[in-house]
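One structure is given here, and the rest of the page talks about it.
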Amino acid sequence: MMFLYRIYQYLIMIPVMVVATIITATVITIGCFLGLGKWFGYKPAIIWARLFCVMTGVKVTVTGRENIDSKTSYVFVANHQGAYDIFSIYGYLGHEFRWMMKKELRSIPFAGYACKASGQIFVDDSSPRAIVSTMKEASERLKHGMSLVVFPEGARTPDGRLHEFKSGAFRLAKGFGLPVVPITIDGSYQVMSRTAKSARPGHIKLTIHKPIYPGPNGHDQKQLMEESRRAIASALPEEL
């Protein structure tokens with residue numbers, strides 16, 4: 001059965017998705033260039049991400065969407081199991097946001113330029129000055145009422161397990177007094193792990209946890225990180 005699926009992937013799915021990616025990136029870039037980034041910076045990517053999941057045979061189910069308000073800015077923090085984390089969150093979160101993503105993604109043909117045009121934030125941690133610049137750019141997005149999605153592990157897990165969090169997203173949430181929403185992604189590792197050469201059908205579950213609001217004196221950063229990690233871990237299988 002997987003042999004037939006691989007034939008489908010190489011003859012149908014991959015060519016279709018390459019074309020879809022080029023078209024989507026072009027539409028986003030042109031729309032943002034025309035000053036319509038509020039819509040074009042987000043909506044076309046939803047269709048693109050859902051098409052990716054459908055064509056791969058990936059089902060995405062979401063629980064907890066009632067925990068978030070479409071008119072509120074959040075810092076979303078999610079575990080990073082695999083490549084399909086991006087498609088599942090983009091396609092099914094149901095809340096406008098911008099990504100904080102690795103700077104290497106900027107070099108991807110078409111998609112990298114579309115990400116830049118639509119206001120995604122490329123994380124550069126090559127030097128203290130670069131980190132300050134990245135945080136300043138993220139701050140500008142939050143200042144104008146946008147939400148951010150961050151993978152605080154920094155990279156896809158190599159073994160499917162939840163790894164240590166970096167502090168950047170939590171510093172931003174503390175600085176702006178914004179609620180943090182932990183998101184658990186379960187199943188993406190089985191669909192396409194960090195070392196996999198191609199995807200396979202599967203089921204990805206997104207669990208949107210209740211927001212963690214700042215207290216009267218703001219967030220305690222260490223406590224915020226720990227509470228976020230506990231929330232994410234609570235919806236993962238015990239071995240993860």
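All of these numbers come straight from a predicted model, not from anything done at the bench.
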- By salt bridge (charged side-chain N to carboxylate O under 4.0 Å, His left out), which residues pair with E227, not counting sequence neighbours? none

- Message: Counting only heavy atoms from other residues, nucleotides and ligands, does the tally under 6.0 Å from CZ of R194 exceed 12?
- Response: yes

- Query: How long is the gap from CD on E153 to CD on E164, to the nearest 0.5 Å?
  - Reply: 10.0 Å

- Item | Gap separating the OH atom of Y113 from the OG1 atom of T29, nearest 0.5 angstrom | 7.0 Å

- Would you kindly confirm whether M13 and I23 end up in one hydrophobic cluster when ILVMFWY residues are joined by side chain heavy atoms under 4.5 Å apart? no

- Message: If you define the side chain from C-beta out and look only at heavy atoms, does anything of L172 sit under 4.5 Å from V150?
- Response: no

- Query: Do T157 and R161 have a side chain donor and acceptor closer than 3.5 Å?
  - Reply: no

- Item | Same apolar cluster (I L V M F W Y, side chains within < 4.5 Å links), I89/Y189 | no

- Can E96 and R98 be counted as an ion pair, charged N to O under 4.0 angstrom? yes

- Message: Suppose we screen for ring-ring contact (aromatic ring centres under 6.0 Å, His included). Which residues come up paired with Y8, at least two apart in sequence or across chains?
- Response: Y5

- Query: Is there side-chain contact between V27 and W48, with at least one heavy-atom pair below 4.5 Å?
  - Reply: no

- Task: Identify whether L51 and I108 are in the same connected component of the hydrophobic contact network (ILVMFWY, side-chain heavy atoms under 4.5 Å).
- Result: yes

- Residues two or more places apart in sequence or in another chain: which of them pass ring-ring contact (aromatic ring centres under 6.0 Å, His included) with F97? Y42, Y90, W99

- Over 60° means perpendicular and under 30° means parallel, so classify the ring planes of F165 and F170, tilted if in between. parallel

- Could you grab the distance from atom NE2 of H219 to atom CD1 of I212, nearest 0.5 Å is fine? 7.5 Å

- Query: Hey, is CD on E66 packed in by over 12 heavy atoms from elsewhere, all under 6.0 Å?
  - Reply: yes

- Query: Rounded to the nearest 0.5 Å, what separation is found between the NZ atom of K197 and the OG1 atom of T195?
  - Reply: 10.0 Å

- Is any side-chain heavy atom of R229 closer than 4.5 Å to a side-chain heavy atom of M225? no

- Task: Evaluate the side-chain proximity of T207 to D186: yes if any heavy-atom separation is below 4.5 Å, no if none is.
- Result: no

- Is there a path of hydrophobic side-chain contacts, each under 4.5 Å between heavy atoms of I, L, V, M, F, W or Y residues, that connects V54 with L11? no

- Task: State whether the side chain of E137 and the backbone N or O of I121 hold a donor-acceptor pair below 3.5 Å, judged by distance alone.
- Result: no

- Is the closest side-chain heavy-atom distance between S118 and F40 below 4.5 Å? no

- Answer yes or no: are there more than 12 heavy-atom neighbours, outside Y92 itself, under 6.0 Å from its atom OH? yes

- Query: Are Q81 and L236 close enough, and set up right, to give a side chain to side chain contact (heavy atoms under 4.5 Å, CB included), and what steps lead you there?
  - Reply: CA-CA 11 Å; Q81 286 197 341; L236 287 170; 3.8 Å; yes

- Message: Could you check whether any side-chain heavy atom of V60 comes within less than 4.5 Å of a side-chain heavy atom of R50, counting everything from C-beta outward?
- Response: no

- Message: Are L93 and I208 packed together at the side-chain level, in the sense that at least one heavy-atom pair is separated by less than 4.5 angstrom?
- Response: yes

- Message: Quick one: does any side-chain atom of T24 pair with a main-chain N or O of P44 as donor and acceptor, under 3.5 Å?
- Response: no

- Message: When you compare the side chain of I204 with that of F87, does any pair of heavy atoms fall below 4.5 Å?
- Response: no

